[in-house]
Amino acid sequence: MDEAQHLTTRAIEQLRTIHDAAKIGLVLLGNLPLIERVDGLGRTTEFAQLFSRIGLRRKIKKPTRGDITAILDAWDVQDGKIRNAAIVIGQRDGGLRSLTKILRNAAKMARATDRLQITMEDFEHSFGEHMTGEFPKSGD
């Protein structure tokens, strides 16, 4: 469940019920307010059923290089210079979201001219439309 920090306590309890009934795993993805909210509920009897089902907690501060290369592979980005720049972009705050927007727009540019692969020009132009600051230089 992405953006889980926006869920109400009642909604989280409903997801717990689905988890129990369907006997499936459930992942709540969110930012720091999600952890603070769940921790803030306290380990009271009122929320004991919820706390007993939390198997793992993971705080991931930055995406890994592997996370970024998996996205690049899914987009079939083969150009080494684009991949290097994308890794720098992806490791910034909000980088995976930004990188996905850049790749989506660059792919549209390529398709508009009947190309299957994006070029560095597509990538840089898309970066300029979605980001502020300087485009990562090769080798950054």
Side-chain angles (χ1 to χ4, degrees):
M1 180 66 58
D2 196 12
E3 301 289 338
Q5 72 272 11
H6 300 297
L7 295 172
T8 63
T9 302
R10 184 174 178 197
I12 293 171
E13 285 289 353
Q14 185 63 45
L15 289 171
R16 180 195 56 79
T17 301
I18 293 168
H19 159 79
D20 290 351
K23 299 187 183 337
I24 58 168
L26 183 63
V27 176
L28 299 178
L29 300 169
N31 55 21
L32 190 57
L34 173 63
I35 294 171
E36 291 170 350
R37 229 177 90 237
V38 171
D39 287 348
L41 294 173
R43 294 185 182 259
T44 62
T45 55
E46 182 181 4
F47 299 108
Q49 289 182 320
L50 178 61
F51 274 102
S52 70
R53 281 155 184 87
I54 297 175
L56 297 171
R57 292 173 187 235
R58 293 288 183 260
K59 291 181 185 177
I60 301 172
K61 295 183 186 214
K62 290 177 83 173
T64 66
R65 188 179 189 100
D67 296 330
I68 298 164
T69 58
I71 291 171
L72 295 171
D73 291 345
W75 281 93
D76 194 28
V77 175
Q78 299 170 10
D79 183 292
K81 289 182 181 180
I82 295 173
R83 290 179 76 90
N84 288 339
I87 288 168
V88 173
I89 293 166
Q91 290 177 332
R92 296 175 177 173
D93 286 342
L96 294 183
R97 182 183 310 266
S98 297
L99 179 59
T100 299
K101 286 181 180 181
I102 293 166
L103 288 168
R104 184 180 300 121
N105 195 45
K108 288 176 187 176
M109 290 177 202
R111 283 193 305 270
T113 56
D114 296 323
R115 290 179 285 115
L116 297 177
Q117 291 288 316
I118 64 173
T119 64
M120 181 58 89
E121 183 179 338
D122 298 328
F123 194 71
E124 287 180 4
H125 183 78
S126 182
F127 175 91
E129 290 182 3
H130 293 287
M131 304 288 289
T132 59
E134 244 181 90
F135 185 80
K137 295 185 180 16
S138 180
D140 280 358

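Since the model is a prediction, treat every value here as computed from it, not as a measurement.
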Are the side chains of Arg92 and Pro136 in contact, using a 4.5 Å heavy-atom criterion?
yes
Please check: side-chain N/O of Gln78 versus main-chain N/O of Arg83, any donor-acceptor pairing under 3.5 Å?
no
To the nearest 0.5 Å, what is the distance between CG on Asn84 and CG on Asp79?
9.0 Å
Can we say Glu13 and Arg16 salt-bridge, meaning some charged N sits less than 4.0 Å from an Asp/Glu carboxylate O?
yes
Please examine the side chains of Ile18 and Leu26, heavy atoms only from C-beta on, and report whether any two atoms are closer than 4.5 Å.
no
Got a second to check how far His130's NE2 is from Ile89's CD1, nearest 0.5 Å?
11.0 Å
Is there a side chain to side chain contact (heavy atoms under 4.5 Å, CB included) between Leu15 and Leu28? Walk through the geometry before answering.
CA-CA 10 Å; Leu15 289 171; Leu28 299 178; 3.9 Å; yes
Quick one, Asp20 with Thr17, criterion side chain to side chain donor-acceptor pair (under 3.5 Å). Give me CA distance, side-chain angles, the key distance, then yes/no.
CA-CA 5 Å; Asp20 290 351; Thr17 301; 5.8 Å; no
Closer than 4.0 angstrom, basic N to acidic O: yes or no for Arg115 and Asp122?
yes
Side chains of Val27 and Leu29, heavy atoms from C-beta outward: is any pair under 4.5 Å?
yes
Here the gap from Glu124 atom CD to Thr119 atom OG1, rounded to the nearest 0.5 Å, amounts to 8.5 Å
Ignoring hydrogens and angles, write down the donor-acceptor pairs under 3.5 Å from the side chains of residues 94-111, residues two or more places apart or on other chains.
| residue | atom | partner | partner atom | Å |
| --- | --- | --- | --- | --- |
| Arg97 | NH2 | Glu3 | OE2 | 3.3 |
| Ser98 | OG | Gly94 | O | 3.2 |
| Thr100 | OG1 | Leu96 | O | 2.8 |
| Asn105 | ND2 | Ser126 | OG | 3.4 |
| Asn105 | ND2 | Glu129 | OE1 | 2.8 |

Are Met120 and Ile87 in one and the same hydrophobic cluster, where Ile, Leu, Val, Met, Phe, Trp and Tyr link if side-chain heavy atoms are under 4.5 Å apart?
yes
Suppose clustering is done on Ile, Leu, Val, Met, Phe, Trp and Tyr with side-chain heavy atoms closer than 4.5 Å. Which residues sit in the same group as Leu116?
none
Please determine whether the number of non-hydrogen atoms from other residues, nucleotides or ligands lying under 6.0 Å from atom CG of Asp76 exceeds 12.
yes
